[in-house]
2 protein chains.
Amino acid sequence: MARTTGSHSDITGPRIQEAALRLFAQHGYAAVSMRQIAREVGVQAGALYNYTPDKQSLLFGLMQDHMRALLATWAAQPQGRDPCAALEAFTRFHIRFHLERPDEVFIAYMELRNLTPENHVAISDLRGRYEDALEAILKRGVAAGLFDVADTKIATRAVIAMLNGVNTWYRADGRLSQTEVETTYWDMVRKAVAPA
Amino acid sequence: MARTTGSHSDITGPRIQEAALRLFAQHGYAAVSMRQIAREVGVQAGALYNYTPDKQSLLFGLMQDHMRALLATWAAQPQGRDPCAALEAFTRFHIRFHLERPDEVFIAYMELRNLTPENHVAISDLRGRYEDALEAILKRGVAAGLFDVADTKIATRAVIAMLNGVNTWYRADGRLSQTEVETTYWDMVRKAVAPA
DNA sequence: GTCTATAAGGGGATAGAC
DNA sequence: GTCTATCCCCTTATAGAC
C-alpha cells in the first residue's frame, strides 16, 4: 500500500473512489476519515484534495454515479409492450444489477441522511425516476386488467423494498444461484400484483 | 434545556435514552457525540457516564430494548391456529408496531454495523427469532396447502422487507390511514404466498 | 449525581516545498 | 501531483471537587 512520491493522476482518482466506496459501505460515511481513505490508496491525506473538494463531494459523487448507472442501464434494456413481461424484466434486472454492486447499493440507501440538503434532493430525484419506471409498468398492467393493486404508488414501493431485501442476505456461495433467486422473487411479485 | 446543578437520577436516565434514540436516528450513531446528547438532556457530558459505561452500550441498549419489545409484544398477541389468519395478524401487527416506533426501527436496521461483534451477534439473534415467528406461520400454511412459496426462508425475508418499507414513506398526515395501509399490504402479502 | 477540567488522540482541510 | 507540517476544532472518557 505504501508508495513513493510521484504523479499518478490517471490512476489515483479511481482508486480514491474505490477505497471510499468500500470503506463507506463497511463502516459508514461518518465513521470513515479522509486519512483512512488515503491510507488505503497509498497516499497522504492532503493528496485526496487534488481529486475532491471535500468529503461530502466524495459521497455525493458515489451515490450520483450509482443512481445514474441504474437509470441508464435500465433504459438500455429491451422494453416490450406486455406489462407482465416488462414486470418480469424489471424484477430480474433489479436483482441482477443490485447484486452486482452491493457496496454502491448499501451506500445509496444508508447514507442519504449524511448528504447536504441540496445533494439529498438530487439523489431523491434520481430515485424517484427509477420508481416511476416501475410504476409506469404497474399502471399499464392495471389499465390492461392484467394486474390488480389497490394503489400503484404503494405497490411500487412494496415491490422495490422486497427486491432490495435480497442484498441483505444473498451470498454467491450460498445454496441458491442468482437465477433461482430471481425466479423465486419474480414468482412472488407476479402473484402479489395479480388479480385476486 | 440548561439546568442547574442537582441530583435527578430517576429522570436523567430515561432522558438520556430518549435523546440518544432521536439523535442516533436523525444523524447516525457515528455522527452523534456524547456532548450533543448531554446538551439535549441538559447536563454536562461527564454526567452521562453515570448512566452508561460508554457510547456503544447506549446504542446496544436501545437496539436490544427494541428487539425485546418487538418479540414480547408479538408473543402477547392472540395466536390462532389458522395460518391465513395468523399471517394477516402478523402483517397488521408488524406495520402497526413499526409505525409506532420509527426511530427505534431506523436504528435497529441502520446501525448494525456500528455494534461490536458480540453485540452484533446478540441483536442478530433476536432478529432471527422474530423471522422464525413468521417462517413458522408460512411453514404451517404450506403444510396445510393454503400457501405456496418456493422457499419459506426467502419468503419470510421478502415479506419482512416489504413490510419494513412502509416506514420509509408513511406519514400520519398523508392520504391513507394506517388501517388502509395495513389492508393494502395484507392484500399483497396474501396474494404473494397464495397458491398460483 | 453533577460539575469543571483535562488527558490523549483524531477529525477535515489548507499551505507551501518539491 | 504528492509530500510534510500545521491550524483549529472536536472526540471519548476519566479525575476529583462539591
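Only this structure's heavy atoms are used, side chains among them; waters, hydrogens and symmetry mates stay out. Chain identifiers are assigned alphabetically (A, B, ...) following the order of the sequence lines, protein sequences preceding nucleic acid strands; residue numbering begins at 1 within each chain.
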(message) Using whole Å, what does the distance between atom P of nucleotide D:dC3 and atom CE of A:M34 come to?
(response) 14 Å

(request) Starting at atom CD1 of B:I16, determine the distance to atom C1' of C:dT2, rounded to an integer number of angstrom. (result) 11 Å

(request) For this output row, return yes or no: ring centroids of B:H94 and B:Y130 closer than 6.0 angstrom. (result) yes

(request) Ignoring hydrogens and angles, state whether a donor on the side chain of A:H120 or A:T116 is under 3.5 Å from an acceptor on the partner side chain. (result) no

(request) Ignoring backbone atoms, test whether A:Q44 places a side-chain nitrogen or oxygen under 4.0 Å from the OP1 or OP2 oxygen of D:dT2. (result) no

(message) Minimum heavy-atom separation for A:L62 and A:Q17, please, with both atom names.
(response) CD2-O, 3.7 Å

(request) For this output row, return yes or no: ring centroids of A:F90 and A:W74 closer than 6.0 angstrom. (result) yes

(message) Both A:A47 and B:K55 contact DNA chain D. Taking the nearest nucleotide for each, which residue is further toward the 5' end?
(response) A:A47

(request) Rounded to the nearest angstrom, tell me the gap between atom CZ in A:R15 and atom P in D:dG1. (result) 16 Å

(message) Is the terminal nitrogen or CZ of B:R22 (NZ for Lys, CZ for Arg) located under 6.0 angstrom from the six-membered ring centre of B:F24 and within 45° of that ring's axis?
(response) no

(message) Please compare A:V32 and B:A45 by the position of their nearest nucleotide in DNA chain C and report the one closer to 5'.
(response) B:A45

(request) Take atom CG of A:L58 and atom P of C:dG12, then tell me their distance rounded to the nearest Å. (result) 11 Å

(request) Please evaluate the base of C:dG12 for a donor-acceptor partner in the side chain of A:R35 within a cut-off of under 3.5 Å? (result) yes

(request) Find the distance B:L48:CG to C:dT4:C1' and express it as a whole number of Å. (result) 15 Å

(request) Check whether any side-chain nitrogen or oxygen of B:Y51 sits under 4.0 Å from OP1 or OP2 of C:dT2, and answer yes or no. (result) yes

(request) Respond yes when some side-chain nitrogen or oxygen of A:T12 is under 4.0 Å from OP1 or OP2 of D:dT2, and no when none is. (result) yes

(message) Strictly below 4.0 Å: does B:S33 bring a side-chain N or O up to OP1 or OP2 of D:dC10?
(response) no

(message) Among C:dA13, D:dT2, C:dT2, which nucleotide has an atom closest to any side-chain atom of A:N50?
(response) D:dT2

(request) Please state how far atom CZ in B:R39 lies from atom P in C:dT2, giving the value in whole angstrom units. (result) 18 Å

(request) Using atom OH of A:Y49 as one end and atom C1' of C:dG16 as the other, report the distance to the nearest whole Å. (result) 17 Å

